[in-house]
A.B. asks: 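The structure's right below; bear with me while I get my questions together.
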Amino acid sequence: MKLFAMAAATLLSLSASALEAPVAPIQPKTLRLHGDTRVDNYFWLREKDKPETLAYLQAENAYAEALTRTSKPLEERLFQEMKARIKEDDSSVPYRLDGFYYYSRFEAGKQYPLLCRKPIQADGSWQNAPEQILLDVNALAQGKSFMEVGEFEVSPDGQWLAFTTDSTGFRQYRLQIKDLQSGKLLPFKRERVTSVAWALDNRTLFYSTEDKQTKRSNQLWRHQLGDKQDQLVHEEKDERFGLDVYLTRSNGYLIEQVSSHTSSEIRYLKADAPKGRWRVLAKRRANIEYNVDHRDDAFYIRINDTGRNFRLVKAPVSQPGREHWQEVLAERADVMLEGIDLFKHFLVRHERQNGLNQLVITDLRSDSSHAMAFDEPAYSLGVEANAEWDSQVYRYSYESMSTPSTVYDYDMASRQQTLLKRRPVLGDFDPANYVSERIWATAPDGVQVPISLVYRKGTPRDGSAPLWLDAYGAYGIPSDVYFSSARLSLLDRGIIVAEAHIRGGGDLGKAWHDAGKMAQKMNTFTDFIACAEHLIATQYTRADRLVIEGGSAGGLLMGAVSNLRPDLFKVVVSHVPFVDVLSTMLDASLPLTVGEYEEWGNPNKRSEYGWMRAYSPYDNLRAQAYPTMLVKTSLHDSQVMYWEPAKYVAKLRTLKTDSNPLLLVTNMGAGHGGASGRFDRLQEVAFDFAFVLNQLGITR
């Protein structure tokens with residue numbers, strides 16, 4: 001296999017015109033199940049530690065580098081213009097908690113933020129108080145290619161910081177504790193930590209950990225400051241379920257949320273009695289999900305036991321059994337209750353109707369409610385830090401495809417709104433120069449599927465404009481629209497950008513998810529194709545100007561629709577794509593597999609194998625012309641292993657009948673989310689944009 005090392009070393013010296021794509025050796029492995037035989041010629045790429053595997057990935061990187069050499073000037077121009085729109089020394093809106101204001105800030109030229117706080121003075125001021133840097137993420141990242149802070153929890157008395165970091169991208173986090181008075185780290189370290197929460201004694205920390213093999217969050221632990229040994233509180237044995245721990249905003253209870261994709265169980269403990277007994281709120285039941293918040297003498301439970309879109313009930317803390325539940329809000333077929341935020345005197349409901357977010361405020365003293373109104377045809381709402389319990393101000397963020405993320409404080413009593421910060425976009429950006437729309441496509445079964453779009457005013461609507469269509473469509477996760485200053489580099493070059501809100505996501509409620517998973521998964525793909533066809537029929541674009549993009553489960557979407565309708569797309573950009581569905585879901589030793597049975601199916605069952613076999617992109621590749629493809633992965637991805645896209649590209653090279661470029665790019669130092677540094681991420685985006693623009697014939 002020395003050929004691979006030679007190829008990796010010599011590919012860059014070849015000219016693009018003479019360059020030949022790497023050829024992965026064929027090592028057939030026969031896979032048989034349910035009377036079906038599959039031959040996987042590239043199964044060997046799973047062996048990460050073999051020099052041949054790494055050499056192949058490096059050879060593909062070298063090939064991609066050589067093939068895109070002519071677009072490097074455009075890539076650099078894109079990077080510089082995207083970077084120029086960023087306020088490099090920006091900071092977040094500070095939020096108040098237990099005598100401090102907390103915030104993050106960037107320093108010019110640095111990749112990572114500083115996480116800081118200032119104490120509130122006796123006169124109520126804080127702006128001129130001395131700054132305390134709790135974590136300098138740049139320092140944590142020194143000498144590392146990746147750094148991400150996960151959990152960040154300060155003890156109620158403000159002295160201790162429990163935080164987790166991932167230094168590889170594998171989403172494997174190390175827990176440490178910092179004394180914020182001395183600035184020193186305690187010798188305490190724990191690995192594979194997934195969540196943390198402090199008890200009110202300021203000495204007890206609860207944390208959850210994941211299984212080493214499957215990465216399922218399966219154990220809850222209790223640590224007492226100064227102790228060398230921790231106590232195992234609970235171990236979840238059912239492989240479909242994972243667990244997390246958190247403290248309610250009321251500071252009344254610690255909550256252990258135990259959930260699968262379709263069922264939930266909650267255990268609770270008084271936050272001021274950390275050595276007490278955890279109690280089950282409501283035992284798990286098949287296909288029933290719930291979560292909980294606390295206020296005074298009651299638990300507020302969001303649950304889907306009477307309908308898919310959830311209702312809200314209230315249960316006495318003293319007698320929380322189902323027989324004592326009081327319904328606060330009934331389930332509604334046309335409105336999804338996505339979540340709640342409880343405060344001392346107010347309840348905020350997060351709802352979704354007709355594919356759009358809305359906030360409904362209830363004053364619990366008078367039981368009067370009102371909904372907040374938003375004007376744009378497509379927008380998204382986000383929850384900001386609302387850390388204080390006794391507050392009548394609710395902080396949220398708003399953005400659309402043409403409006404930068406904007407943070408507001410909303411007075412829930414007076415209904416007055418205060419704009420706190422709009423993310424700055426440097427340069428000549430003016431939102432009035434862009435148009436945002438929402439239109440609807442008709443799926444083959446007659447269902448109406450929403451599409452959100454944005455484009456610069458003056459962009460032609462005669463089919464000649466390129467269009468970049470993104471989608472996800474899985475796990476009930478809505479594809480909420482968002483603003484991107486980097487995206488302006490596309491819009492200002494005449495490209496229309498669209499988001500297809502296809503089934504499988506949660507864009508139109510729980511039923512929208514149900515209609516695009518398990519046996520109904522094919523709806524996700526046909527919805528996307530219908531959206532593409534509608535955009536062409538209504539002259540937003542043409543097939544030879546249509547770019548599509550998706551990541552992870554959205555990468556599965558890219559693979560499936562490329563097999564079904566390769567004639568419909570010009571370029572496919574696929575990030576960390578889940579394309580080897582059958583082989584992955586048949587390997588229970590891989591991270592996340594067993595829990596995913598409730599989203600995709602269990603291929604060990606004949607009927608479920610059949611529906612997955614029908615769309616699994618790797619298993620349905622065939623001899624035909626395919627669009628230009630850019631496939632990206634990361635070596636340390638724990639969600640979709642690098643070998644799925646690597647095998648996919650290797651196999652596709654042997655089958656495609658066209659000469660369109662097919663690139664595999666592997667980030668050798670990151671995970672599922674790509675690069676962690678803000679400028680490194682921009683460089684990755686600039687590479688993608690330059691590649692696509694070059695394929696569209698746009699070189700400026």
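Residue numbers run from 1 in the order of the sequence given.
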A.B. asks: Could you tell me whether the side chain of Gln121 and the main chain of Pro119 form a donor-acceptor pair under 3.5 Å?
C.D. replies: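 Present.
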A.B. asks: Which distance, rounded to the nearest 0.5 Å, do you find between the CH2 of Trp126 and the CZ of Arg96?
C.D. replies: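 So the gap between those two atoms works out to 11.0 Å.
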A.B. asks: I'd like to know if the side chain of Arg216 and the backbone of Asp238 have a donor-acceptor N/O pair within less than 3.5 Å.
C.D. replies: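 Present.
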A.B. asks: First locate atom CG of Leu347, then atom CG of Leu364, and finally report the distance between them rounded to the nearest 0.5 Å.
C.D. replies: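 Result: 5.5 Å between the selected atoms.
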A.B. asks: Check this for me: Asp296, atom CG, are more than 12 non-hydrogen atoms of other residues, nucleotides or ligands nearer than 6.0 Å?
C.D. replies: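 It does: Asp296 CG has more than 12 such atoms within range.
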A.B. asks: Checking side-chain hydrogen bond (donor to acceptor under 3.5 Å, both in side chains) between Gln231 and each of Lys275, Gln224, Arg222, which is the one that passes?
C.D. replies: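 That would be Arg222.
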A.B. asks: So, the side chain of Trp325 versus the backbone of Pro316: is there a donor-acceptor pair under 3.5 Å, distance only?
C.D. replies: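 Absent.
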A.B. asks: Output the distance between atom CD1 (Ile133) and atom CZ (Arg117), rounded to the nearest 0.5 Å.
C.D. replies: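 Here the rounded value is 12.5 Å.
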A.B. asks: For Arg295 versus Tyr300, what's the shortest heavy-atom pair and its separation?
C.D. replies: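 In this case the closest contact between Arg295 and Tyr300 is NH1-OH, 3.8 Å.
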A.B. asks: Would you mind reporting whether Leu269 and Phe206 have side-chain heavy atoms less than 4.5 Å apart?
C.D. replies: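 They are in side-chain contact.
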A.B. asks: Pair Glu384, Lys421 - check salt bridge (charged side-chain N to carboxylate O under 4.0 Å, His left out), show working.
C.D. replies: CA-CA 12 Å; Glu384 293 294 307; Lys421 180 184 177 68; over 6 Å; no
A.B. asks: Below 4.5 Å, heavy atoms only, C-beta onward: do Leu186 and Leu225 meet side chain to side chain?
C.D. replies: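 Yes; the side chains approach each other to less than 4.5 Å.
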A.B. asks: Write down the atom of Gly339, the atom of Arg302, and the distance for their closest heavy-atom approach.
C.D. replies: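 The pair with the smallest heavy-atom distance is N-NE, 3.7 Å.
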A.B. asks: Looking at residues at least two apart in the chain, or sitting in another chain, which of them share a side chain to side chain donor-acceptor pair (under 3.5 Å) with His350?
C.D. replies: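 With sequence neighbours excluded, His350 shows a side chain to side chain donor-acceptor pair (under 3.5 Å) to Asp341, Tyr394, given in chain and number order.
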A.B. asks: Give a yes or no answer on whether the side chain of Thr164 reaches the backbone of Glu151 with a donor-acceptor pair at less than 3.5 Å.
C.D. replies: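 Yes; judged by distance alone, with no hydrogens or angles, the pair exists.
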A.B. asks: Does a side-chain N-to-carboxylate-O contact under 4.0 Å join Arg171 and Glu210?
C.D. replies: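 Here Arg171 does not pair with Glu210 in a salt bridge, since their nearest N and O are not under 4.0 Å apart.
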A.B. asks: Tell me, do Val245 and Tyr207 make a side-chain contact under 4.5 Å, heavy atoms counted?
C.D. replies: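 Val245 does not reach Tyr207 side chain to side chain.
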A.B. asks: Ring-plane angle category for Tyr268 and Tyr253, please: parallel below 30°, perpendicular beyond 60°, tilted otherwise.
C.D. replies: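 It falls in the perpendicular class, over 60°.
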A.B. asks: Should Phe188 and Trp160 be marked as a ring pair (Phe, Tyr, Trp, His ring centres under 6.0 Å) after you check the CA-CA gap, both sets of side-chain angles, and the distance that decides it?
C.D. replies: CA-CA 12 Å; Phe188 168 88; Trp160 308 101; over 10 Å; no
A.B. asks: For Thr406, enumerate each residue passing the side chain to side chain donor-acceptor pair (under 3.5 Å) test, keeping only those at least two apart in sequence or located in another chain.
C.D. replies: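 With neighbours one apart ignored, the set is Arg422.
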A.B. asks: Taking only residues two or more places apart in sequence or in another chain, which ones pass side chain to side chain donor-acceptor pair (under 3.5 Å) with Arg349?
C.D. replies: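 Arg349 satisfies side chain to side chain donor-acceptor pair (under 3.5 Å) with Glu351 once adjacent residues are dropped.
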A.B. asks: Is it true that Arg332 and Asp334 make a salt bridge, defined as a side-chain N closer than 4.0 Å to a carboxylate O?
C.D. replies: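 Not counted as a salt bridge, because no side-chain N and carboxylate O are separated by less than 4.0 Å.
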A.B. asks: Are Arg203 and Asp201 within salt-bridge range, i.e. N to O under 4.0 Å?
C.D. replies: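 Looking at Arg203 and Asp201, the cut-off is not met.
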A.B. asks: Roughly how far, to the nearest 0.5 Å, is the CG atom of Asp390 from the OG atom of Ser250?
C.D. replies: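 With rounding to 0.5 Å, OG (Ser250) is 12.0 Å from CG (Asp390).
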A.B. asks: Any heavy-atom pair between the side chains of Trp221 and Arg190 that's under 4.5 Å?
C.D. replies: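 The answer is no; the side chains never approach within 4.5 Å.
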A.B. asks: Kindly indicate whether the side chain of Pro156, heavy atoms from C-beta on, has any atom under 4.5 Å from the side chain of Trp198.
C.D. replies: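 Heavy-atom side-chain distance check passes, below 4.5 Å.
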A.B. asks: May I have the step-by-step check of side-chain hydrogen bond (donor to acceptor under 3.5 Å, both in side chains) for Gln392 and Asp411, ending in yes or no?
C.D. replies: CA-CA 6 Å; Gln392 69 179 38; Asp411 190 306; 3.0 Å; yes
A.B. asks: How long is the gap from CG on Asn251 to CH2 on Trp389, to the nearest 0.5 Å?
C.D. replies: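 CH2 of Trp389 is found 9.5 Å from CG of Asn251.
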A.B. asks: Compute both the distance and the angle, then confirm whether Arg423 meets the cation-pi test with Phe483: under 6.0 Å from the six-membered ring centre, within 45 degrees of the axis.
C.D. replies: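 No, Arg423 does not sit over the ring of Phe483.
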A.B. asks: Atom CG of Asn357 and atom CE of Met336: how far apart are they, to the nearest 0.5 Å?
C.D. replies: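 Going from CG on Asn357 over to CE on Met336, the span is 11.5 Å.
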A.B. asks: Looking at Arg678 and Asp90, does any basic side-chain N land under 4.0 Å from a carboxylate oxygen?
C.D. replies: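 Asp90 and Arg678: not salt-bridged.
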A.B. asks: Of all the heavy-atom pairs spanning Pro478 and Glu338, show the shortest one and how long it is.
C.D. replies: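 That closest heavy-atom pairing would be CG-OE2, 3.9 Å.
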A.B. asks: Assign the ring pair Phe374 / Tyr396 to parallel, tilted or perpendicular, where the plane angle (0 to 90°) is split at 30° and 60°.
C.D. replies: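 Because their plane-to-plane angle is over 60°, the rings of Phe374 and Tyr396 count as perpendicular.
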A.B. asks: Could you tell me if Tyr173 and Glu148 have a donor-acceptor pair between their side chains, going purely by distance under 3.5 Å?
C.D. replies: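 A donor-acceptor contact under 3.5 Å links the two side chains.
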A.B. asks: May I ask you to say whether Arg105 pairs ionically with Glu107, meaning some side-chain N is under 4.0 Å from a carboxylate O?
C.D. replies: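 So Arg105 pairs with Glu107 through a salt bridge.
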A.B. asks: Are Arg395 and Tyr95 in a cation-pi contact, defined as NZ or CZ under 6.0 Å from the six-membered ring centre and within 45° of the axis?
C.D. replies: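 Ring-cation test returns no.
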A.B. asks: If you look at every heavy atom in Arg311 and Glu331, which pair is closest and at what distance?
C.D. replies: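 Taking every non-hydrogen atom into account, CB-N, 3.5 Å.
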A.B. asks: Verify, without hydrogens or angle tests, whether Glu598 (side chain) and Arg240 (backbone) share a donor-acceptor contact under 3.5 angstrom.
C.D. replies: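 No; judged by distance alone, with no hydrogens or angles, the pair does not exist.
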A.B. asks: Do Lys237 and Glu235 sit within salt-bridge range, that is, some charged N less than 4.0 Å from a carboxylate O?
C.D. replies: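 A salt bridge links Lys237 with Glu235.
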A.B. asks: Does the pair Arg322 and Asp305 meet the rule for a salt bridge (charged side-chain N to carboxylate O under 4.0 Å, His left out), with working shown?
C.D. replies: CA-CA 11 Å; Arg322 285 187 174 89; Asp305 57 344; 5.2 Å; no
A.B. asks: So, for Lys178 and Gly183, which heavy atoms are closest and what is the spacing to 0.1 Å?
C.D. replies: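 Scanning both residues completely, I find the closest heavy atoms to be CE-O, 3.4 Å.
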A.B. asks: Does Lys118 make a cation-pi contact with Phe100, if we ask for NZ or CZ under 6.0 Å from the ring centre and within 45° of the axis?
C.D. replies: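 No.
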A.B. asks: Using side-chain heavy atoms (C-beta onward) and a distance below 4.5 Å, is Pro450 in contact with Leu508?
C.D. replies: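 Yes, at least one pair of side-chain atoms sits under 4.5 Å.
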A.B. asks: Once the angle between the rings of Tyr475 and Trp600 is folded into 0 to 90°, is it parallel (under 30°), tilted (30 to 60°) or perpendicular (over 60°)?
C.D. replies: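 Perpendicular, since the angle between the ring planes exceeds 60°.
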A.B. asks: Indicate the atoms forming the closest heavy-atom contact of Phe299 with Leu281, along with that distance.
C.D. replies: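 Phe299 and Leu281 have their closest heavy atoms at CD1-CD1, 3.8 Å.
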